[in-house]
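Working notes for the structure below.
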Amino acid sequence: MLKVGVLVSGGGTNLQAVLDAVDSGEIKNAEIKVVISNNQNAYALERARDHGIDALCISPKDYESRDLFHDELLSRIDEYHLDLIVLAGFLVTIPERMILKYKNRIINIHPSLIPSFCGTGYFGLKVHEAALARGVKITGATVHYVDEGTDTGPIILQKAVEVKEGDTPGDLQKRVMEEAEWIILPQAIALIAKEQEEKA
Ligand code: GAR
């Protein structure tokens with residue numbers, strides 16, 4: 001059984017897609033053990049609690065330094081002995097020591113076709129604003145492994161989405177979520193769970 005932790009900052013619609021995929025059996029041999037947010041008001045935490053999943057808030061605001069926040073984040077994560085950490089709209093930079101410790105065990109969903117519109121400063125609506133400003137006709141989403149860079153790790157899955165005439169950033173964000181993110185994030189977790197099962 002793949003033990004999964006999900007890190008979130010906001011609404012958690014990607015988390016919901018993962019929870020639904022576990023419930024429906026699309027993701028097999030995986031269990032969501034914990035959901036962690038840096039934001040105590042994140043609706044994602046409610047979604048986790050509704051599913052009887054441990055929901056923790058670990059906010060940098062509650063620690064005197066970034067280092068102490070990172071210590072707490074890492075030690076709480078370690079307690080769950082996770083096989084996979086999913087960044088599902090987690091808008092806090094994770095410490096390099098965590099990336100090294102969990103090498104090839106952290107994945108991220110990004111709302112563009114990497115290498116377009118990614119890297120430092122590209123998150124949430126900003127990604128879609130940049131795509132519209134550039135005038136691309138196709139955008140999409142990417143699930144990738146997390147390495148020491150920002151959005152630079154190996155790509156697992158991508159899905160393209162059409163940009164339509166007159167789209168606002170909000171329109172595009174919604175279409176990319178519905179047509180790409182909520183599909184490829186559960187698919188990627190299902191793939192990783194299957195790989196682990198085959199190795200066992
Ligand atoms: C998603 O669109 C995700 O791709 C994005 O944040 C949103 C979270 O929404 N992540 C990034 O921009 C990371 N660079 P959600 O809380 O409803 O899943």
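Ligands are counted one by one from 1 in listed order, and the atoms in each one are counted from 1 as well.
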Do T152 and D147 have side-chain N/O donor and acceptor atoms under 3.5 Å apart? yes

Residue, atom and distance of the protein heavy atom nearest atom 11 (C) of ligand 1 read P111 CD, 3.6 Å

Check: G124 N/O within less than 3.5 Å of ligand 1 N/O: yes

Heavy-atom side-chain contact between N29 and K194 under 4.5 Å: no

Would you call D67-R97 a salt bridge at under 4.0 Å N-O? yes

Proximal atoms of ligand 1 relative to Y122 (non-hydrogen, under 4.0 Å): 14 (N)

For ligand 1, find out whether one of its N or O atoms is nearer than 3.5 Å to an N or O atom of E181. yes

Can you tell me if I109 has a non-hydrogen atom under 4.0 Å from ligand 1? yes

Scanning both residues in full, the closest heavy-atom pair of Y102 with D78 reads OH-OD1, 2.5 Å

Counting non-hydrogen protein atoms only, what is the nearest one to atom 6 (O) of ligand 1? Give residue, atom name and distance. G89 CA, 3.7 Å

Taking atom types as modelled, is there a side-chain donor on D23 or H51 under 3.5 Å from an acceptor on the other? yes

Starting from atom 17 (O) of ligand 1, find the nearest protein heavy-atom neighbour and note its residue, name and distance. T13 OG1, 2.6 Å

Atom 9 (O) of ligand 1: nearest protein contact (heavy atom, Å): M177 CE, 3.4 Å

Among all protein non-hydrogen atoms, which one is nearest to atom 14 (N) of ligand 1, and what is the separation to 0.1 Å? H110 ND1, 3.2 Å

Counting heavy atoms only, which part of F90 comes closer than 4.0 Å to ligand 1: side chain, backbone, both or neither? neither

Say whether S9 and N38, considering side chains only, have a donor N or O and an acceptor N or O under 3.5 Å apart. yes

For atom 16 (O) of ligand 1, the protein heavy atom that lies nearest, with its residue and separation: G12 N, 2.7 Å

Would you say ligand 1 has an N or O under 3.5 Å from any N or O of D151? no

Considering distance alone, does some N or O of A88 sit under 3.5 Å from an N or O of ligand 1? no

Does any donor atom in the side chain of D54 or Y80 lie under 3.5 Å from an acceptor atom in the other side chain? yes

D167 and salt bridge (Lys or Arg N to Asp or Glu O under 4.0 Å): which partner among K174, R175, K137? R175

Using the rule side-chain contact (heavy atoms from CB on, under 4.5 Å), only one of L84, V86, V146, L7 pairs with I106; which is it? V146

Is Q173 in polar range of ligand 1, meaning some N or O pair under 3.5 Å apart? no

